[in-house]
Amino acid sequence: MKITELHHPSHETVLQVEDRPSGLRGFIAVHSTQRGPAAGGLRMRAYKTPQHALTDVLRLSEGMTFKNAAADLALGGGKAVIIGDPATKTAAQLRAMGEAIDRLGGQYWTAEDMGMSPADMGIIRQSTAFVAGLDRVAFGSGDPSPITARGIFQSIRITAKHRFGNPSLVGRRVAVQGLGHVGWALGKLLKAAGAELVVADIDPSRTAQAGRCLGAEPVPADAILTVPADILAPCAIGGVLNADTIPALRVAAICGGANNQLATPADGDTLARRGILYAPDYIVNAGGIINVATEVLRIRARTAFVEEKLAALDATLDAILTEAGDSGRAPARLADAWVAARIAPPHAA
Ligand code: NAD
């Protein structure tokens, strides 16, 4: 296996990983370990080029530093990516990635992200102990997605309260982009709460299934960002809120699970100017890493820990949206400032 250290000024460690026998190509990025070992999921995606994968892992790992601090976890931020279609994934690739993670000696802990399952984490475990989101092991926390979805659902209620004066989702039209682990679980919660769903996925079988099981209105993947709805819940990929898409949005609020929804911080300002209330992604979707944290930090009172941290996140989002309403500032800017104050400067004692 070839592991090359790439130097990036804003990150503690960035590794390029290549394993010829298995065909693994990927990156591991540790943004910060100031609050504890870096933790963040492993993503597999058919990136167009290695540069796209590197850009993604750098952004995602920095986002994890912010997310873990926002959730007040004793964890830093890191992430790993594998270049390739998840449908082509092999056990040998996962084991090779585990080996590369192991070489960091605990500086980075991995878990599930897009394209990964608890079973995949079980395979990674064969070559490293620094993996969470496992089933059936001591402190194993399993698939984080249901807890992520619960956190998003609560955040949608809080966002509705701020935008519409009422947290009830009865009769609210919610557009869900992406019906994977998170989007599907969220769809079920929204349906149970009386919301009307309009959904899209690049996999048409998933939208069809949501039509059958959730009574959702399916729309083509390229139409979901322009459908009229009360709330948009991006639950697929990052960068979907950008200079091209924002002018065409026909929603009053945005609250979903995808990481890095804003292409740039300025896009958050544009949303605020358009009167679209944006709930900052890394506060909304931190439920999963809270769940993973119980495994990394070996928390015995797991349920109590998760409930307490989720409730604190709700309070944080509520406070940020209140301040945004009072000040007219973009919630994402307020969230960044709030979290930055919680991240110790690099050379603090
Ligand atoms: P997943 O791989 O299970 O699902 C992603 C879904 O999005 C798939 O069904 C895929 O077909 C679909 N998709 C991809 N591109 C799309 C597009 N352009 N338009 C519509 N659909 C598209 O992943 P997941 O675990 O559900 O994660 C979804 C998002 O939530 C990711 O951004 C992930 O980083 C974020 N997230 C996940 C968790 C978690 O607990 N799983 C936690 C925090 C954040």
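Just follow the structure's listing: the first ligand is 1, and inside any ligand the first atom is 1.
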If we check salt bridge (Lys or Arg N to Asp or Glu O under 4.0 Å) with Asp56, which of these qualifies: Lys79, Lys48, Arg43? Arg43
Ligand-residue contact atoms, ligand 1 with Arg43, heavy atoms, under 4.0 Å: 31 (C), 32 (O), 33 (C), 34 (O)
Taking distance alone, with N or O pairs closer than 3.5 Å, would you say Asp203 contacts ligand 1? no
For atom NZ of Lys89, is the number of surrounding heavy atoms from other residues, nucleotides or ligands below 6.0 Å larger than 12? yes
Is there any N or O on Arg206 that sits under 3.5 Å from an N or O of ligand 1? yes
Assess Met116 for proximity to ligand 1: is some non-hydrogen atom of it under 4.0 Å away? no
Enter the distance from Glu295:CD to Trp109:CH2 here, rounded to the nearest 0.5 Å. 7.0 Å
Report the nearest protein non-hydrogen atom to atom 17 (C) of ligand 1: residue, atom name, distance rounded to 0.1 Å. Ile202 CG2, 3.6 Å
Atoms of ligand 1, numbered as shown, that sit under 4.0 Å from any heavy atom of Pro144: 40 (O)
Does any N or O of ligand 1 fall below 3.5 Å from an N or O anywhere on Gly288, backbone included? no
Non-hydrogen atoms of Ala132 and Val292 that approach each other most closely: CB-CG1, 3.7 Å
Which atoms of ligand 1 are found less than 4.0 Å from any heavy atom of Gly178? 7 (O), 21 (N)
for atom 44 (C) of ligand 1, nearest protein heavy atom and its distance come out as Gly257 O, 3.3 Å
Atoms of ligand 1 close to Asp113 [distance to a heavy atom under 4.0 angstrom, numbered from 1]: 33 (C), 34 (O)
Do Ile289 and Val81 sit in one hydrophobic cluster, given that two such residues count as connected whenever their side-chain heavy atoms are within less than 4.5 Å of each other, even indirectly? no
Structural part of Lys67 in contact with ligand 1, heavy atom criterion under 4.0 angstrom: side chain
Mode of Pro86 contact toward ligand 1 - side chain, backbone, both, neither (heavy atoms, under 4.0 Å): neither
Using a heavy-atom cut-off of under 4.0 Å, does the side chain or the backbone of Ile224 touch ligand 1, or both, or neither? neither
Can you figure out which of Val182, Ile237, Val176 has its heavy atom closest to atom 39 (C) of ligand 1? Val182
Around Arg25, counting heavy atoms of other residues, nucleotides and ligands shown, do more than 12 lie under 6.0 Å from its CZ? no
At under 4.0 Å between heavy atoms, what of Glu112 touches ligand 1? The answer is neither
Salt bridge present between Arg95 and Glu99 (N-O < 4.0 angstrom): no
Rounded to the nearest 0.5 Å, what separates atom CE in Met116 from atom NE2 in His181? 10.5 Å
Nearest non-hydrogen contact with atom 3 (O) of ligand 1 belongs to which option: His181, Gln261, Arg45? His181
Got an N/O contact under 3.5 Å between Ser145 and ligand 1? yes
Does Arg163 reach the main-chain N or O of Ala252 with its side chain, forming a donor-acceptor pair under 3.5 Å? yes
Do the side-chain N and O atoms of Lys67 and Asn285 include a donor-acceptor pair separated by under 3.5 angstrom? yes
Side chain, backbone, both or neither: which applies to Asn259 and ligand 1 if a contact is any heavy-atom pair less than 4.0 Å apart? both
Any salt bridge between Arg172 and Asp230, counting N to O under 4.0 Å? yes
What do you reckon, does Gly183 have a nitrogen or oxygen under 3.5 Å from a nitrogen or oxygen of ligand 1? no
